[in-house]
Each structure stands twice: as structure tokens, then as C-alpha cells.
Amino acid sequence: MEIKLAECAGFCFGVKRAIDTVYEQIETGKTIYTYGPIVHNEEVVRELEQKGVCVIEGEEELAACSAAAGGTEGGANAGPSVIIRAHGIPRRTQELMEQYGLECIDATCPFVKRIHRIVEKAGEQGMHVVIAGNSGHPEVEGIRGWCGGPVTVVETEAEAERFVPEEGRQVCLVSQTTFNYNKFQSIVEIFRKKGYNGNIVSTICNATEDRQRSAQALAAEADVMIVIGGKHSSNSRKLYEICSRECAHTYFIQTLDDLHLELPKAVRLVGITAGASTPNNLIEEVQNYVRINF
Ligand code: SF4
């Protein structure tokens, strides 16, 4: 029996960079917070908690953590450090951190930061920004928070059809980095037909597409497929959906404990893939388990 790992699996560039930043900061001995869980992976977050890294869940908690650490409002960089995760945050939240005297360490993925810059500039030029993405997702809320002017989030083609820019404004269309490529193209087409002038920038990240394409290719040839990812990780759930379509025996697990494999003798190939928030050691653990036990 062969065990094959998908060509692209596990941490993407942006998530790896953010986690490396946290570990570097731990070394400094300072009090470290992350603004929201650094990745959608409970194992990673628990491990960081054991090293003293706490998660701040929202703007209200910023003030509390500053006060608890003796930080003073208005005193820049006087208090503990808060690391911004790869998804990014709204400008307002970043400014609040500075007001509370918290050192803000920006681990926003450069691909997301690029979107912040595009929409910020579009706002300055008086454009109406449209974000193709899931309203409520932290990355989208972060992008929204860098738009100085009108902004609308569209998730579906029907919403794109209904969208009308504010009078006299050109449109700047960007996408959430994990948005579906075909859906984005349809939205572009709708906007073209409506004659909306302006700026259309595809800001979909290749890491997601590469991971999905290689998972699909492996699932198509595998007899059994294992997808490793956090319960709340949307990209991991998407991988599970894609693999399930290609391979009837697809398992979605968070850790090795969730894996209750029963492999018939006829199984020739077990494929493994993992979401962008799954650490390498977990992938290796699952690989070794299958290798040793079957
Ligand atoms: Fe950055 Fe892409 Fe990873 Fe998102 S998926 S963190 S944009 S590398």
C-alpha cells in the first residue's frame, strides 16, 4: 500500500510567516498576545497558550489587556505586544492598539496587505470598493476597515447583479484571498456588462488554488483520502468537500485521535492532504501512523 502526500499541503506562506513571528517574539520574553487565534487550529493555539501567548478576542479586550499589563492610554509601545495574524485587521483596530500603548507587530500576510493598500488608495480616489468575499470573515472585515469611502461585500452572482455603485463613483473590485476563482470571473463579467468603470484586481491567492488542485488530483487516484484540518478552518472544509467528490472514502480529522481507519486489503493508495493551518508535525504524525499500522 502506498501513502502519498498532496503536492501542496499544510501551512501556506502567510500562515507560516505569522507563526514564525509568534515564536520569535516568545524568545524576547515579552508579554505576547495574538489578536484572534493565530491560525484556525486548536492544537497550535493550545501549544502557544502553554508558552504564555494569550488570545485577544476583540476590541473590548484590548483595553483590558493593556490595563492589566500596566499600559497607559496614549503611551505608544509602553505595554505588551499584540501580533496581528495573517488575515489582517481594520485600520481602526490597529490605531486602537497604538492608543492603548500596545506594541503592534504586524504579521498580516503580504498578499492581504496588498489588498489593504489597493482599497485604501481607491478610497482616496473616491471609488466605491466592492469586495468579493464572505461578509463576516475576519479577512473581509479587515479589508473593509481600510476602505476610506463606500464599500460593499458581494458573495454571490445574484448580489453582484443587484449592486449599484454610489452615484458618480467608479468601482474598485477586489476579492478575498480565498474566494472561488470561477465565481470571481462571473462577478467580473456581470460588472463588465453593467458597464462599471474602474479598477478590477484579482487578489485571489495561489496558495489556496494550488492546495485545492493538488488535493483533487490526489483524491482522484486514491482509494482512501485523509484531510487534516481545524474544525473552524474554512479552507480545510473546502478541501474535504473537493476530496469527497473524487473519493468516496474521505476522512476529515483534526488530530490523529479522530482517525478511526479501517482499511480493506484492496486499498492501494492512501492520500493525505491538510489545510493551510495544519502544522507539519501533525501531518507527519498521521503519515507515520498509517505507514506503521497498515
Ligand atoms: Fe497569505 Fe495566501 Fe496564506 Fe492567505 S492563503 S495567508 S493570502 S499565503
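Any value given below was found using the heavy atoms of this structure, including those in side chains, with hydrogens, waters and symmetry copies removed. These numbers come from a predicted model, not from an experiment.
Looking at every heavy atom in both residues, Val129 comes nearest to Ala122 through CG2-CB, 3.9 Å. Closest of all the heavy-atom pairs between Lys16 and Phe11 is CB-CB, 4.2 Å. Taking both residues in full, the closest heavy atoms of Ala222 and Gly271 are given as CB-N, 3.9 Å, listed atom of the first, atom of the second, then distance. The shortest heavy-atom contact between Phe252 and Gly230 is CZ-O, 3.8 Å. Contact detail for Ser236 and Ser233: the closest heavy-atom pair is OG-OG, 2.7 Å. Nearest heavy-atom pair across Ala6 and Thr273 is CB-OG1, 3.7 Å.
The environment of CD in Glu7 is sparse: at most 12 heavy-atom neighbours from other residues, nucleotides or ligands sit within 6.0 Å. Shown here is Lys183, whose NZ atom has more than 12 heavy atoms of other residues, nucleotides or ligands within 6.0 Å. Within 6.0 Å of the NE2 atom in His249, the count of heavy atoms belonging to other residues, nucleotides or ligands does not exceed 12. More than 12 heavy-atom neighbours from other residues, nucleotides or ligands sit within 6.0 angstrom of NZ on Lys194.
In the hydrophobic clustering of this structure, Val82 groups with Leu96; members are Ile, Leu, Val, Met, Phe, Trp, Tyr whose side-chain heavy atoms approach within less than 4.5 Å, directly or through other members. Grouping the Ile, Leu, Val, Met, Phe, Trp and Tyr side chains by contacts below 4.5 angstrom, directly or via other members, places Ile3 with Val224. Val227 and Leu5 fall into different hydrophobic clusters, where Ile, Leu, Val, Met, Phe, Trp and Tyr residues are linked whenever their side-chain heavy atoms come under 4.5 Å apart, directly or through other members.
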Determine whether Glu209 and Arg213 satisfy the following criterion, salt bridge (Lys or Arg N to Asp or Glu O under 4.0 Å), listing intermediate values before the conclusion.
CA-CA 6 Å; Glu209 217 184 309; Arg213 206 181 300 120; 2.9 Å; yes

Pair Gln287, Ile283 - check side-chain contact (heavy atoms from CB on, under 4.5 Å), show working.
CA-CA 6 Å; Gln287 257 179 312; Ile283 302 174; 4.3 Å; yes

Mind running side-chain contact (heavy atoms from CB on, under 4.5 Å) on His128 and Val151 for me, showing each step along the way?
CA-CA 6 Å; His128 190 140; Val151 52; 5.6 Å; no

Does the side-chain hydrogen bond (donor to acceptor under 3.5 Å, both in side chains) test come out yes or no for Ser81 and Gln25, once each step is laid out?
CA-CA 9 Å; Ser81 303; Gln25 291 301 318; 4.6 Å; no

Could you walk me through whether Lys121 and Val119 satisfy the side-chain contact (heavy atoms from CB on, under 4.5 Å) test, starting with their C-alpha distance in whole Å, then the side-chain angles of each, then the deciding distance to 0.1 Å, before giving a yes or no?
CA-CA 5 Å; Lys121 192 162 163 222; Val119 299; over 6 Å; no

Stepwise side-chain contact (heavy atoms from CB on, under 4.5 Å) check, Thr152 with Ile131:
CA-CA 6 Å; Thr152 304; Ile131 307 165; over 6 Å; no

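Judged by distance alone, the side chains of Glu139 and Thr177 do bring a donor and an acceptor atom under 3.5 Å apart. Between the side chains of Thr208 and Thr178, not a single donor N or O lies within less than 3.5 Å of an accepting N or O.
Distance CD1/Ile32 to CD/Glu103: 8.0 Å, rounded to 0.5 Å. With rounding to the nearest 0.5 Å, the separation of CG in Leu269 from CD in Glu2 is 5.5 Å. Expressed to the nearest 0.5 Å, how far OG of Ser202 lies from CZ of Phe179 amounts to 10.5 Å. Interatomic distance, Ser234 OG to Asn134 CG, rounded to the nearest 0.5 Å: 7.0 Å. One finds the CD atom of Glu285 at 11.0 Å from the CG atom of Leu259 (value rounded to the nearest 0.5 Å). Between Met1 atom CE and Phe294 atom CZ the span is 7.0 Å, to the nearest 0.5 Å.
Val53 places none of its side-chain heavy atoms less than 4.5 Å from the side chain of Ile38. Residues Ile226 and Leu261 have side chains in contact (heavy-atom distance under 4.5 Å, counting atoms from C-beta outward). Looking at heavy atoms from C-beta onward, Tyr23 lies out of side-chain contact with Thr21 at the 4.5 angstrom threshold. Ile89 has its side chain within reach of Met97: a pair of non-hydrogen atoms, C-beta onward, lies under 4.5 Å apart. Taking 4.5 Å as the limit, every side-chain heavy atom of Tyr35 sits out of range of all side-chain heavy atoms of Ile83. Under the 4.5 Å side-chain criterion, counting only non-hydrogen atoms from C-beta, His232 is in contact with Glu42. By the 4.5 Å heavy-atom criterion applied to side chains, Tyr100 and Glu59 are not counted as neighbours. Looking at Val270 and Lys4, their side chains never come closer than 4.5 Å, going by heavy atoms from C-beta outward.
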Tabulate below the donor-acceptor pairs under 3.5 Å that side-chain atoms of residues 237-247 make, not counting sequence neighbours, or state none.
unit_1, atom_1, unit_2, atom_2, d
Arg237, NE, Lys231, O, 3.3
Ser244, OG, Tyr240, O, 2.7
Glu246, OE2, Gln216, NE2, 3.1

Listed pairs under 3.5 Å, donor-acceptor, residues 161-173 side chains, sequence neighbours left out:
unit_1, atom_1, unit_2, atom_2, d
Glu166, OE1, Arg169, NE, 3.0
Arg169, NH1, Gly126, O, 3.0

Check residues 105-116 and write down every donor-acceptor pair under 3.5 Å in which the side-chain atom is one partner and the other belongs to a residue at least two apart or another chain.
unit_1, atom_1, unit_2, atom_2, d
Asp106, OD1, Thr108, N, 2.9
Asp106, OD1, Thr108, OG1, 2.4
Lys113, NZ, His116, ND1, 3.2
His116, ND1, Trp146, NE1, 3.3

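Listed by chain and number, the residues in a side chain to side chain donor-acceptor pair (under 3.5 Å) with Thr250 amount to none (sequence neighbours excluded). For Arg192, there are no side chain to side chain donor-acceptor pair (under 3.5 Å) partners at least two apart in sequence or on another chain. Take Tyr289 and apply the side chain to side chain donor-acceptor pair (under 3.5 Å) test, not counting sequence neighbours, and it matches no residue.
Between the side chain of Thr203 and the main chain of Val174, no donor-acceptor pair closer than 3.5 Å is present. Judged by distance alone, with hydrogens and angles left aside, the side-chain atoms of Glu189 form no donor-acceptor pair with the main-chain N or O of Gln185 at under 3.5 Å. Between the side chain of Arg211 and the backbone N or O of Ala207, at least one donor-acceptor pair lies under 3.5 Å. Under the 3.5 Å distance criterion, the side-chain polar atoms of Thr34 are left unmatched by any main-chain donor or acceptor of Pro37. Under the 3.5 Å distance criterion, the side-chain polar atoms of Ser214 are matched with a main-chain donor or acceptor of Cys8.
Salt-bridge annotation for Asp20 and Arg17: absent, with no side-chain N of the basic residue lying under 4.0 Å from a carboxylate O of the acidic one. The existence of a salt bridge linking Arg144 and Glu141 is confirmed by a sub-4.0 Å separation between a basic side-chain nitrogen and an acidic carboxylate oxygen. Ion pairing of Arg46 with Glu43 is present here, as a side-chain N (NZ or NE/NH1/NH2) and a carboxylate O approach within less than 4.0 Å.
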